[in-house]
Amino acid sequence: MNADDWLRTLTAELHQRRVAADAARHVVAEAATHLREGGGDPWVVFGPPQQYAGAVVESIGTAPGPRPGPVRLHAAGITKRYGRRTVLRDATLTVRAGQIAAVVGANGCGKSTFLRICAGLMSPDAGEVTVSGRLGYCPQSGGTADFLLADEHFVLIGAGQGVARGPARRAGRAAARQLGWEAGGDVQARHLSGGTRQKLNLTMSTLSAPDVLLLDEPYQGFDQGTYVNFWDQLSRLRDAGTAIVVVTHLLNQLDRVDIVLDLTPAHETGWHAPGIQGGRP
Amino acid sequence: MNRLVTVAEMTLRELLRRRGVLLLLLLMPLTFYLIRRDAYLGQSVRSLLLGVGWAVSTAALFATTAARELEPRLRLAGYRPHHLYLGRMLGLWTVGLVISVPFFLLPMIDGADLRYGGLAAALLCSVAVAAPFGMLIGALLPRELEGTLLLLTVVTVQMLIDPAGSGARLTPFWSSREIATWTVDNTDQGYLSRGLLHGIVVTALLALGVAAVASVRLRRRRHLRHLPVG
């Protein structure tokens, strides 16, 4: 990573951590000047950009985030059984406009099931879900058509909303660019790499400008840069008022979310009744 | 209407890009025709029609299975179940009609003396029945192998059953067989009308079956309440 990359990552980190825009610009400009005049490897001078951003946040604090808006998703008392096995028991989650909720838990604890129930793709044995506005859903894998091009996927999703082909294509390409992907080629989905295919999957879910966005570990196969872009995009969507629920097992990202729902069963954690836990302060 | 046409178009695009599948779709009826070529012409034409029916059913089965994971998210994107299954059916009917053209011309080139209007009607019946038939199997049996085996069973029964027996009328492609008899053997008009009626009724029933399964699978779940953005 050269100095420019380091500064870019620092900028993204400061933005991600909600450092006020003016202060972030000032910090990056100072670091750039220091590197230009003093020379040296930024990793040696300042350390990893994430760590430096953390130190900046500790020193100057963060700008207050926009106040969460009205409730967009309310899932109450969700219980689901497969035969005799109960995978979800009384799970509850409320997410407001402008919030990110992370659904975490051990393998097989029902994270994807919970999300599918919230999306209305599966019925629970008990409980109900209320959604205000339009719903977007990105599955863990699949959900694309092997023999269609990315543009054709955008047209297909756009037609569902009554969007004409040209604007749907343009919107899809623009959303893909946010993830660092130029989607306009003539490559069929089956020939895309796993990570790029997930970018297509994710782009499709944001294309209809959903008020509630449900993401089931959408970053499978992402490289580091795309992963950073992914969280940047989530921050942008959150700031624009989208309520986001993301299933994740990467606990190091939990400081970036507002709410954590841990679905690990009580007998594994000693903790019962999964519900809302604090995330990002 | 735009949604319906878009789904039909994408189904068509997907199938046309599967060149290997297209080749096999053409090869299957051709083989059926040629294998009976030395025998009685009627058998050859009936086999051809069955081959077309089987080929289109198989394409419909695979298209339905492939769309299984995509359809729920299309539903969330604003499509209603009928846009999805009718659009797909339209796309499959179009593919079926396209692959029927060379098989309409084949007996002509072969110098067969038959009623070509009847051949066209029999091909139309085969394609009309085959698309919803394959889709229904694909909707009921989510795994391709099970679906293919069931198709194989039905087509084998169709091939071996006595066409004059009452049980034959329960097989999906009986219509094209009846019309083929009128086409090749110059029988009375009753064969044509019975065949057409059977084709229309079976197509309608199968399409209704597809509609019922899709409406259940893609239904709006009762636990989910949608409110307008406040």
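A, B, ... follow the sequence lines: proteins, then strands. Residue 1 opens every chain.
- Of the listed residues (A:Val71, A:Leu148, A:Ile157), the one with the most heavy-atom contacts under 4.5 Å to chain B is A:Leu148.
- With a threshold of 4.5 angstrom between heavy atoms, A:Ser208 does not approach chain B through any atom at all.
- Residues B:Leu76 and A:Gln161 approach most closely at O-NE2, 4.4 Å, considering heavy atoms.
- Taking a 6.0 Å sphere around CD1 of B:Ile35, one finds it holds 12 or fewer heavy atoms contributed by other residues, nucleotides or ligands.
- Across B:Tyr79 and A:Ala159, no two heavy atoms sit closer than the pair OH-CB, 3.3 Å.
- Counting heavy atoms from C-beta on, the side chains of B:Thr6 and A:Arg165 come closer than 4.5 Å.
- Across A:Ile117, A:Leu207, A:Asp211, the residue that shares the most heavy-atom pairs under 4.5 angstrom with chain B is A:Ile117.
- Top candidate by heavy-atom pairs under 4.5 Å with chain B, chosen from A:Arg134, A:His153, A:Met122, is A:Met122.
- A:Phe147 contributes atom CZ, which lies 15.0 Å from atom CZ of B:Arg13 (distance to the nearest 0.5 angstrom).
- No donor-acceptor pair closer than 3.5 Å links the side chain of B:His223 to the backbone N or O of A:Gly120.
- The two residues B:Arg73 and A:Pro139 make their nearest non-hydrogen contact at NH1-CD, 3.6 Å.
- Across A:Asp146 and B:Glu14, no two heavy atoms sit closer than the pair N-OE1, 4.5 Å.
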Full working for side-chain contact (heavy atoms from CB on, under 4.5 Å) between A:Val129 and B:Arg225 | CA-CA 6 Å; A:Val129 177; B:Arg225 204 155 55 97; over 6 Å; no
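- Contacts between residues 187-199 of chain A and chain B, counted as heavy-atom pairs separated by less than 4.5 Å, involve A:Gln188.
- A salt bridge is defined here as a Lys NZ or Arg NE, NH1 or NH2 lying under 4.0 Å from an Asp or Glu carboxylate O, and B:Arg221 with A:Glu128 fails to meet this definition.
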B:Arg222 and A:Ser123: CA distance, side-chain angles, deciding distance, side-chain contact (heavy atoms from CB on, under 4.5 Å) verdict | CA-CA 8 Å; B:Arg222 272 188 296 181; A:Ser123 297; over 6 Å; no
Residue pair A:Thr144, B:Leu70: steps toward the side-chain contact (heavy atoms from CB on, under 4.5 Å) verdict = CA-CA 6 Å; A:Thr144 55; B:Leu70 183 62; 5.6 Å; no
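- Summarising the local packing, CZ of B:Arg17 is surrounded by more than 12 heavy atoms from other residues, nucleotides or ligands at distances under 6.0 Å.
- Here CG of B:Leu74 is found 4.5 Å from CG of A:Leu156. Values are rounded to the nearest 0.5 Å.
- Shown here is B:Arg68, whose CZ atom has more than 12 heavy atoms of other residues, nucleotides or ligands within 6.0 Å.
- B:Leu224 has its side chain within reach of A:Val131: a pair of non-hydrogen atoms, C-beta onward, lies under 4.5 Å apart.
- The greatest number of non-hydrogen atom pairs below 4.5 Å with chain B, out of A:Pro124, A:Ala145, A:Gly162, is found for A:Pro124.
- For A:Leu149, the parts lying near chain B are the backbone and the side chain together; criterion is any non-hydrogen pair under 4.5 Å.
- Among B:His226, B:Arg18, B:Glu9, B:His83, the residue making the largest number of heavy-atom pairs under 4.5 Å with chain A is B:Arg18.
- Looking at A:Ile78, neither its backbone nor its side chain comes within 4.5 Å of chain B, counting heavy atoms on both sides.
- Using a 4.5 Å cut-off between heavy atoms, A:Met204 contacts chain B through both its backbone and its side chain.
- For the options A:Gly158, A:Gly143, A:Ala97, A:Ala119, heavy-atom pairs under 4.5 Å to chain B are most numerous at A:Gly143.
- Neither the backbone nor the side chain of A:Asp125 comes within contact range of chain B, judged by heavy atoms closer than 4.5 Å.
- A distance of 11.5 Å separates CZ in B:Arg75 from CG in A:Leu135, rounded to the nearest 0.5 Å.
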